[in-house]
Structures are given as structure tokens and as C-alpha cells.
Amino acid sequence: MAANTKAIAILGVGNSLLTDDGAGIHALERFAAGNTRKDVFCLDGGTVGLALLDRLSDLKGLIALDAMKLGKRPGTVTVLEGAAMDAHLRNQHGSVHEVGLSDLMDAMRLRGDLPEQRALIGVEPADMDWGTELTPAVRAAMPEAASEVHRLLHEWRIAATSEAAA
């Protein structure tokens, strides 16, 4: 079961031993330090696997954070929501973790657990070699990545309030 039934999970993905590959984990830590919402839980997914499936069941929403190679300037933050996220993961390009993340999303879909509200926030890496520190460009993008999580949560809350009032 998820940490909180009908909660929103923020999933950090990456290997913090491979410089910018750990961007998702660092962004998760940045977000978690300022998170006060009781309906949101943070999960360090590491290099992602189906072992996370039970932790991510019965969610209201899911936001994944990861390094994402799209050929943009290092440190560029890209947000993909819903169908755009699904299409990106189906194409299997951009991150060594997207195969695992894609498999995880497919398994959630098969179980009927895929949240309607879902997003992938990616940060363009500069270096993916051995090292525990982010490169300067990616480190500078961490506030923006965490801010995008807050923005999505705010938009999702407004949408849920509007739907409930209708």
C-alpha cells in the first residue's frame, strides 16, 4: 500500500554516485525540506524497480523527478504531464532509469493503479560519470525543479477543488 491512501507521491529517481544522474534524488531532497502537506509523501526510488509497486498503489497523484537527456542546455528543467509523460517513457530515451520507470508505470496501469494526475520533472544532465556532487549547472537547477513540484501540486489542488464544486 502507499504510505497514505489517496496521497500524492513525489518519487526521486537516480543514482547519486553518478554526478548529475542523481538530480532526481537531490531535487526530491530539496522539495522534501519545504514540504508541509500531509497528503504528500516523498520516496527515494533510487534506480527504480518494480519493488516500488506496492508503495505506489492507490495514489491520487505521482510526480517523478529524474535526470533526463533531451539534448538541451545542462540544467534545463522539463515538465511532462499525463499523456506527454507516458509518450516520453514509451519512447525509452533520455535516462537510464526510464526503462524501470516505464515498467513501473505500465505495471501500475495493468493493476488499475495509474494515477490520473502524473508528471515527470526532468533536469538535463551535464555529466553522468562517477562522483557524488552535481555539476554547477544542474545544482543551480534544483530550486527550479523543486518549485515545479510545488507548482504542479498547487494546480492539481485547484483542479480538484473545481471538480468537487461542480
Side-chain angles (χ1 to χ4, degrees), residues 1-14 16 20-46 48 52-70 72-91 94-95 97-98 100-102 104-106 108-109 111-125 134 137-166:
M1 292 298 279
N4 295 305
T5 301
K6 291 298 178 192
I8 298 172
I10 313 302
L11 175 66
V13 179
S16 55
D20 294 343
D21 190 50
I25 303 303
H26 289 276
L28 175 72
E29 291 168 356
R30 176 82 182 218
F31 167 78
N35 178 41
T36 58
R37 289 186 49 169
K38 303 237 184 289
D39 65 332
V40 173
F41 73 97
C42 298
L43 181 61
D44 180 337
V48 175
L52 296 173
L53 191 57
D54 286 338
R55 294 287 313 273
L56 298 175
S57 66
D58 201 27
L59 293 174
K60 181 170 47 174
L62 171 68
I63 299 173
L65 299 156
D66 196 5
M68 190 163 56
K69 293 183 193 177
L70 296 174
K72 298 180 178 184
R73 181 180 39 80
T76 301
V77 175
T78 301
V79 179
L80 302 172
E81 289 188 72
M85 175 186 181
D86 298 344
H88 175 78
L89 292 175
R90 268 193 300 276
N91 289 331
S95 166
H97 314 118
E98 288 174 358
L101 187 55
S102 178
L104 183 61
M105 300 300 283
D106 285 343
M108 291 172 75
R109 186 177 288 108
R111 286 176 50 159
D113 268 342
L114 187 67
E116 185 175 324
Q117 294 177 314
R118 60 191 177 281
L120 172 61
I121 300 173
V123 180
E124 184 75 33
L134 296 173
V138 172
R139 184 174 40 256
M142 292 300 98
E144 181 183 353
S147 178
E148 288 294 336
V149 176
H150 287 288
R151 180 187 64 78
L152 285 169
L153 291 172
H154 179 72
E155 287 179 5
W156 291 356
R157 178 179 274 168
I158 289 171
T161 303
S162 297
E163 288 174 11

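Rounding to the nearest 0.5 angstrom, the gap separating the OG1 atom in Thr78 from the NE2 atom in His88 is 8.5 Å. Going from atom SG of Cys42 over to atom CZ of Arg37 covers 11.0 Å, rounded to the nearest 0.5 Å. Once rounded to the nearest 0.5 Å, the distance linking CG of Leu120 with CD of Glu148 reads 12.0 Å. Note that CG of Leu28 is 11.0 Å distant from CE of Met142, once rounded to the nearest 0.5 Å. Expressed to the nearest 0.5 Å, how far NE2 of His154 lies from OG of Ser147 amounts to 11.5 Å. Once rounded to the nearest 0.5 Å, the distance linking CG of Asn91 with CG of Asp86 reads 11.0 Å.
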| said: What verdict does the side chain to side chain contact (heavy atoms under 4.5 Å, CB included) test give for Leu65 and Glu29, after you've listed the backbone C-alpha separation in whole Å, the side-chain angles of each residue and the deciding distance to 0.1 Å? | reply: CA-CA 11 Å; Leu65 299 156; Glu29 291 168 356; over 6 Å; no
| field | From CA spacing to verdict: side chain to side chain contact (heavy atoms under 4.5 Å, CB included), Glu124, Met68 | value | CA-CA 5 Å; Glu124 184 75 33; Met68 190 163 56; 5.9 Å; no
| task | In sequence, state the C-alpha distance, the side-chain angles, and the governing distance for Leu59 and Met108, and then conclude on side chain to side chain contact (heavy atoms under 4.5 Å, CB included). | result | CA-CA 10 Å; Leu59 293 174; Met108 291 172 75; 4.3 Å; yes
| task | Begin with the C-alpha distance, continue with both residues' side-chain angles, and end with the deciding distance and a verdict on side chain to side chain contact (heavy atoms under 4.5 Å, CB included) for Asp39 and Lys6. | result | CA-CA 8 Å; Asp39 65 332; Lys6 291 298 178 192; over 6 Å; no
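Under 4.0 Å is where a charged nitrogen must lie from a carboxylate oxygen, and between Asp106 and Arg90 no such pair does.
At least one side-chain heavy atom of Glu81 sits under 4.5 Å from a side-chain heavy atom of Leu152. A heavy-atom distance below 4.5 Å is found between the side chains of Asp54 and Arg111. By the 4.5 Å heavy-atom criterion applied to side chains, Leu11 and Leu101 are counted as neighbours. Taking 4.5 Å as the limit, some side-chain heavy atom of Leu62 sits within range of a side-chain heavy atom of Met105. When side chains are defined from C-beta on, Ile63 does not count as touching Phe31, because their heavy atoms never get closer than 4.5 Å.
For the pairing with Leu56, the side-chain contact (heavy atoms from CB on, under 4.5 Å) check across Leu114, Leu43, Asp113 returns one residue only, Leu43.
Smallest separation of non-hydrogen atoms from Pro125 and Lys69: CG-CG, 3.7 Å. Closest approach of Val123 and Ala23 over heavy atoms only: CB-CB, 4.2 Å. Taking every heavy atom of both residues into account, Ala27 and Ala146 meet most closely at O-CB, 4.4 Å. Counting all heavy atoms, side chain and backbone alike, His26 lies closest to Ser16 at NE2-CB, 4.4 Å.
No side-chain donor-acceptor contact under 3.5 Å links Arg55 to the backbone of Leu52.
Qualifying side chain to side chain donor-acceptor pair (under 3.5 Å) partners for Asp44, counting only residues two or more places apart in sequence or in other chains: none. A search for salt bridge (charged side-chain N to carboxylate O under 4.0 Å, His left out) contacts involving Arg139 returns nothing, not counting sequence neighbours.
For residues 157-166, no pair satisfies side chain to side chain donor-acceptor pair (under 3.5 Å), with sequence neighbours left out.
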